[in-house]
Protein chains: 2
Amino acid sequence: MATLKDVARAAGLSITQTSRALNDHSDVNEMTRKRVKAVARSMNYQANISARKLVTGRSGMVALVVPQTPELPQNGLFIEGVAGLSAQFSGRGMQFVLHVAGNDRPITEVYQRLIGNGMLDGFVLFSPCDDDPRAAFLRDHGIPFVVHGRIWPDADHAFFDIDNEGILYQTMDHLIGLGHRRIAFINGQPGHGFASARMRGYLRALHDAGLSPDPAIVSEGEMTEARGLLTTIGMCREGAPRPTAIICSDVRLAKGVYRALEALGLSIPGDVSVMAHDDHLPQLRASAFFPALSVTKAPLRDSWKPLTDCLTGLLDGRPLAQLQIVGHHELIIRNSTGPAPAGGD
Amino acid sequence: MATLKDVARAAGLSITQTSRALNDHSDVNEMTRKRVKAVARSMNYQANISARKLVTGRSGMVALVVPQTPELPQNGLFIEGVAGLSAQFSGRGMQFVLHVAGNDRPITEVYQRLIGNGMLDGFVLFSPCDDDPRAAFLRDHGIPFVVHGRIWPDADHAFFDIDNEGILYQTMDHLIGLGHRRIAFINGQPGHGFASARMRGYLRALHDAGLSPDPAIVSEGEMTEARGLLTTIGMCREGAPRPTAIICSDVRLAKGVYRALEALGLSIPGDVSVMAHDDHLPQLRASAFFPALSVTKAPLRDSWKPLTDCLTGLLDGRPLAQLQIVGHHELIIRNSTGPAPAGGD
DNA sequence: CTGTTAGCGCCTTCAA
DNA sequence: TTGAAGGCGCTAACAG
């Protein structure tokens, strides 16, 4: 591989000036710069990243650390994120490092190692939880990072997130407008940032409508079809008043809800309205539902570019205020929501 | 971050000796070594990879380059491979870099850039094709790489592969033993290493059985359910003699074959036997077939460890002969294969 | 505008 | 068994 020294010699210049020319410093003769660049190109010269990193402190490499699980290859967020982020960073001439961490040691130790060897410029964090220890660790050590999501209550970090609280508020607003009073909510795992935010939106909407929450029709847990089915069965058990609408934090949950309602002989939306949030992952399209599923939609795929922008902006020292981005979502009303059945109460 | 100098000072030694102690050189007092290591640990010392790379030439980072496609997140090989390889390399204290390359420039140029900046120790190559230009490029430049699969005819490189030729020969052997004479083969894209190897196995088995190939019942192309369906319809068209058995290079193809045969009113295995090769990806389990699908099985998931071993072995300078590994496969006969129907010819 | 000097953190001669 | 010196390739501060 050609080195800076080689280029300098070929160009008949000092190493320093060659470096400056290549890096577009201002104090270089325009002609010289052009000539040096031509020589460098003809020699296929590329700066050695390790050497540059040693002196500038920047390597152009960022990492995503995810815990190893058997289901990792089925995890839509992981799959889309890895492909999307890698493409984005690659397109910016940076390198994306994926680190699947074993479960034999705490995750912060992995970060410790990864930043300790001084090779990475920053990190992307997935699936933030409340009081996220990873974020705390990185903040305490002054390591740049961007979060896919947000860590409440005071998000003093770069992030790209969607308005999860608003998403649920808006969903509730639609259902309440249709006359629903008893609205169930099947949410994700408690402690996860997005789930907490949606719960806030749910409760706020209830409060604003003068309704009070009923723990019997609020459920938190993994977002699988099976849980959607079982939870729905449980909520529609005899004796208790049945919800007239069900909100799901994920389309997989909604799939289970559909199956449960069908098994129970309840019609959608005649007996029960159903809504869900749709990340627009290819695995389970909202279009696969009959009747067509009303959703709030925020394609996960749209998040990689702004997320990448956030991290590069952070590395470039841009102010935090510009690095806290909330993406858009849409409310799409299809055929799974309708007026609340009469005489519910 | 603590540096070698810090450790040396804390240990009351020279930088040189500290380095030697940490790297287990022979000419260090045993006591000294222990003490230095203890100090280093207590200071959370980690060698700076960039600095080390600069002098030793090794960074402990390897990369996988894949072309950007919209379907990338649905590509089972990509998903499993990325998760598996990253976990393997992480477990060995190395870093796995994923590079999703845009399609705006030739892939060798990407390699050029990636190796040119002197940051990577080696590469993993996926989906090799005959006369693979990437392999040629890396070989010509003396860059270590390992191939998932094999580049024929003379695989003068490190690889982990399965015996694709044997897999098809064995499949054919089973079907021929059941009396089948007209055996269709729905293969993957021509030019891909595994597809070529399987085609060789198919043709050799035909030849050994005294049969001659019929282009009408051999098909090459993408391995989707849709193509399995359409190809089967085409092969069972009136006028031409119908195959009594169909071999698929992938279970997705087999899914389409099943649907086509059902639509045509043909029974499995009464009218047509079906076999497939099963990579054991979670997306479409062979267990989802009725009647249960007979397969050759070689779990993709088992390939990441040996593949990683190959590349690290290569980097450690082990002889090539030890770095060409052929994994095992199983022949699993379930209920989709049976005797050829009488009076076919 | 250009060159000289110094140093990033580490490892590897060489000499003691 | 240990230390001093040199250099990997690059950039930044300081002269000219």
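Labels below follow one simple rule: chain letters A, B, ... track the order of the sequence lines, proteins then strands, and each chain is numbered from 1. Atom set for the values below is all heavy atoms of this structure, side chains included, hydrogens, waters and symmetry mates excluded.
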*Flag the pair B/Trp304 / B/Phe126 as yes when their ring centroid distance falls below 6.0 Å, and as no otherwise.*
yes
*So, A/Phe123 versus A/Tyr111, ring centres under 6.0 angstrom or not?*
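Under 6.0 Å, so yes.
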Under 4.0 Å: is that the gap between some side-chain N or O of [X] and OP1 or OP2 of [N]?
| X | N | result |
| --- | --- | --- |
| A/Asn23 | D/dT11 | yes |
| A/Thr3 | D/dC10 | yes |
| B/His25 | D/dT1 | no |

Over how many whole Å does the gap from [X] atom [atom1] to [N] atom [atom2] extend?
| X | N | atom1 | atom2 | value |
| --- | --- | --- | --- | --- |
| A/Leu54 | C/dC10 | CG | P | 9 Å |
| A/Arg20 | C/dG3 | CZ | P | 9 Å |
| A/Arg58 | C/dC8 | CZ | C1' | 17 Å |
| A/Lys53 | C/dC10 | NZ | P | 13 Å |
| A/Asn48 | C/dG9 | CG | C1' | 14 Å |
| A/Arg9 | D/dC10 | CZ | P | 12 Å |
| B/Lys5 | D/dA4 | NZ | P | 13 Å |
| A/Leu4 | C/dG3 | CG | C1' | 14 Å |

*Less than 3.5 Å between a donor and an acceptor, one on the side chain of B/Thr32 and one on the base of D/dT1, is that the case here?*
no
*asked:* Let's test your reading of the model: under 3.5 Å, does the base of D/dA12 pair with the side chain of A/Ser19 as donor and acceptor?
replied: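 Checked by distance alone, the answer is no.
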*Decide, yes or no, whether a salt bridge links B/Arg113 with B/Glu109 under the criterion of side-chain N to carboxylate O below 4.0 Å.*
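Looking at B/Glu109 together with B/Arg113, the answer is no, because their closest N to O distance does not fall below 4.0 Å.
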*Closest non-hydrogen atom pair, B/Met43 against B/Ala2*: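 Smallest interatomic distance, heavy atoms only, reads O-CB, 3.7 Å.
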_Nearest heavy atoms of A/His148 and A/Ser303, plus distance in Å_ =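 Residues A/His148 and A/Ser303, closest heavy atoms: NE2-OG, 3.3 Å.
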The side chain of [X] lies closest to which of these nucleotides: [options]?
| X | options | value |
| --- | --- | --- |
| A/Asn29 | D/dC10, D/dG3, C/dC1 | C/dC1 |
| B/Thr56 | C/dT2, C/dC10, C/dT12 | C/dT12 |
| B/Val55 | D/dT2, D/dA12, C/dG9 | C/dG9 |

*Toward the 5' end of DNA chain D, by each residue's nearest nucleotide, B/Ala51 or B/Gly12*: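 Final value for this comparison: B/Gly12.
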*Give B/Ile15 one of three labels, base, sugar-phosphate or nothing, depending on what nucleic acid heavy atoms sit under 4.0 Å from its own.*
nothing
